[in-house]
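FYI, side chains are in, hydrogens and waters are out, and symmetry mates aren't considered; it's all heavy atoms of this structure.
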Amino acid sequence: MKKLKFAFIALMMVSITSFAQQKQTKKATPEVRANRQTETLAKQLSLTADQKVAVNKSVLSRITTLDQIKKKYQGNKSKERNAEIREVRIAFEQDMKNILTAEQFEKWYNAHKAKRVKKGNKQDPKVKSVDTEENENISKTY
């Protein structure tokens with residue numbers, strides 16, 4: 001009976017470690033991620049063909065820049081990293097404002113803002129208040 005219990009425990013340990021190793025997945029390439037986001041925006045905002053190309057270019061630029069920043073700081077969430085990310089986000093929002101019509105931009109911005117607020121609710125209250133202030137500052141520039 002002891003041998004059976006030992007064999008069962010050993011089997012469980014082996015199966016747990018094998019499942020843990022399977023969770024490692026590769027991240028999609030920036031081009032694939034940009035295409036997915038562009039398609040989503042095209043459906044939400046009814047983009048024209050020219051707008052779709054411009055949005056894809058802008059999204060791809062933002063994704064590659066953010067990936068470079070994240071790689072540069074390697075998970076270290078310093079003030080410099082956050083400042084660089086904020087600059088990229090503001091530049092992207094300005095690009096979107098230039099590409100989209102006023103109605104499309106308003107719809108995109110409100111959805112984007114709601115998503116950021118929802119994301120902020122999962123984080124520390126300190127982070128949420130900073131994001132709220134930041135969103136107010138960005139909205140004042142438009």
Inset, instruction - Before giving the answer on side chain to side chain contact (heavy atoms under 4.5 Å, CB included), spell out for Arg89 and Arg116 the whole-Å C-alpha distance, their side-chain angles and the decisive distance to 0.1 Å. - result: CA-CA 12 Å; Arg89 185 172 0 129; Arg116 286 189 51 79; 3.0 Å; yes
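- Looking only at side-chain heavy atoms (C-beta outward), Thr38 and Leu60 stay at 4.5 Å or farther from each other.
- Taken from CG in Leu100 to OG in Ser58, the straight-line distance is 9.5 Å, to the nearest 0.5 Å.
- By the side-chain contact (heavy atoms from CB on, under 4.5 Å) test, Gln44 pairs with Thr40, Leu41, sequence neighbours left out.
- With sequence neighbours left out, Glu39 forms a salt bridge (Lys or Arg N to Asp or Glu O under 4.0 Å) with Lys52.
- Legend: residues meeting side chain to side chain donor-acceptor pair (under 3.5 Å) with Thr65, ordered by chain and number and at least two apart, are absent.
- Considering only residues two or more places apart in sequence or on other chains, Thr48 meets the side-chain contact (heavy atoms from CB on, under 4.5 Å) condition with Asp50, Gln51.
- Looking at every heavy atom in both residues, Ala34 comes nearest to Ile63 through N-CD1, 3.7 Å.
- Taking CE of Met96 as the reference point, atom CD of Gln94 lies at 12.0 Å (rounded to 0.5 Å).
- Glu80 and Tyr73 are not linked by any side-chain donor-acceptor pair at a separation below 3.5 angstrom, with hydrogens and angles left out of the test.
- Taking the side-chain contact (heavy atoms from CB on, under 4.5 Å) definition, one finds that Val32 meets it with Ala28, Thr29, Arg36, sequence neighbours left out.
- No chain of hydrophobic side-chain contacts below 4.5 Å, direct or via other Ile, Leu, Val, Met, Phe, Trp or Tyr residues, connects Ile69 to Phe92.
- Taking the six-membered ring for Trp and thresholds of 30 and 60 degrees, His112 and Trp108 have nearly parallel ring planes, at less than 30 degrees apart.
- When the salt bridge (Lys or Arg N to Asp or Glu O under 4.0 Å) test is applied to Lys57, no partner is found at least two apart in sequence or on another chain.
- A salt bridge does not link Lys72 to Asp67: none of the charged nitrogens lies less than 4.0 Å from a carboxylate oxygen.
- Checked by atom type and distance alone, the side chain of Gln104 pairs as donor or acceptor with a backbone atom of Thr101 at under 3.5 Å.
- We find the CG-CG distance between Asn35 and Asn56 to be 5.0 Å, quoted to the nearest 0.5 Å.
- Here the closest heavy-atom approach between residue Glu93 and residue Tyr109 is recorded as OE1-CE1, 4.0 Å.
- The CZ atom of Arg86 sits 10.5 Å away from atom NZ of Lys79, with the distance rounded to the nearest 0.5 Å.
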Legend entry - Steps toward side chain to side chain contact (heavy atoms under 4.5 Å, CB included) verdict (Gln37, Arg62): CA-CA 12 Å; Gln37 288 181 19; Arg62 180 191 58 147; 2.5 Å; yes
